[in-house]
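This report concerns only the one structure given below.
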Amino acid sequence: MIYFLSDAHLGSLAIERGWAQQKKLIDLLEKMSEDAVSIYMLGDMFDFWMEYYHHDKTKRQFSPFFKQLRRLRKRGIRIHFFTGNHDLWTFGGIEQLSGAEVHYEPCTIKRYGKLLYLAHGDGLLPRDWEQLYPKDVQRKIKNFIKLRKIFHNPFLQFCFRSLPPKWGNKFGYEWAKRSRMKELNHPCPYKGEDQEELVLFAKDQESRGNHRDYYIFGHRHIPLDLQLASGARVVILGDTFKEWTYAKLDDKGNLTMHTYE
Ligand SMILES: [Mn+2]
């Protein structure tokens with residue numbers, strides 16, 4: 001079995017009882033480990049992850065999570081970690097702490113006879129997105145792209161990494177909390193097949209002849225399992241702090257969604 005989960009947002013100042021959440025996540029990984037060959041974490045497992053040039057003791061709070069990943073790794077389960085838009089600032093640290101293989105870009109893999117496209121999902125758009133959305137949505141998307149460029153800029157990353165962790169974290173965790181609170185106060189439900197960016201991205205890929213059986217994403221914090229006309233399926237994983245949803249690919253190539261109680 002191959003398992004997929006995403007968006008734990010560990011360490012979030014907007015999640016009450018963070019310890020209980022981390023414990024539940026560890027339990028979920030334990031359950032998966034009973035029959036897992038590999039486990040894919042598709043981004044935003046941390047609400048804010050930055051690797052500074054100075055020692056950052058706040059990382060200690062995640063020790064139980066990393067310990068669990070190393071345990072599973074020792075038992076022969078392959079762990080894959082995709083960076084999201086909240087934890088893209090890893091420069092080898094996560095690999096070292098968890099034993100996971102870290103992916104900085106989306107990737108396509110073939111397992112059990114199926115082609116899978118895996119990505120966190122931030123920044124993925126169909127080619128003609130500017131014709132598809134009204135002006136106000138376009139502006140939002142453009143701002144997100146701008147911000148994404150800033151986040152990925154090597155010079156600015158260097159500057160941020162040089163900060164004392166105390167300052168950097170204050171800024172980072174507050175920024176992440178704001179986005180979490182915004183989401184809680186103004187939830188953005190599934191926008192429908194002709195508006196949801198990740199669905200449109202998948203449709204665009206299919207129309208270009210890049211067929212995949214499954215597109216699996218995180219990022220949106222909504223569980224979705226949608227069959228496209230091309231035969232492909234788009235799965236958005238939900239999250240592991242409120243919905244507790246994940247997906248499982250069995251050795252016959254069937255993909256199913258589950259909720260962890
Ligand atoms: Mn995200």
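In listed order, ligands and their atoms are each counted from 1.
The nearest N/O/S atom of His219 to the Mn ion (ligand 1) is ND1. Residue His120 approaches the Mn ion (ligand 1) most closely through its N/O/S atom NE2.
When the shell of 6.0 Å around CZ of Arg71 is examined, it contains more than 12 heavy atoms from other residues, nucleotides or ligands. In Arg208, the CZ atom is crowded: over 12 heavy atoms of neighbouring residues, nucleotides or ligands sit closer than 6.0 Å.
In this pair, Phe46 and Trp49 present their aromatic rings tilted. The plane angle is within the 30 to 60° band. Taking the six-membered ring for Trp and thresholds of 30 and 60 degrees, Tyr117 and Phe201 have ring planes inclined between 30 and 60 degrees apart.
The OD2 atom of Asp44, the Mn ion (ligand 1) and the OD1 atom of Asn85 define an angle of 80° (nearest 10 degrees).
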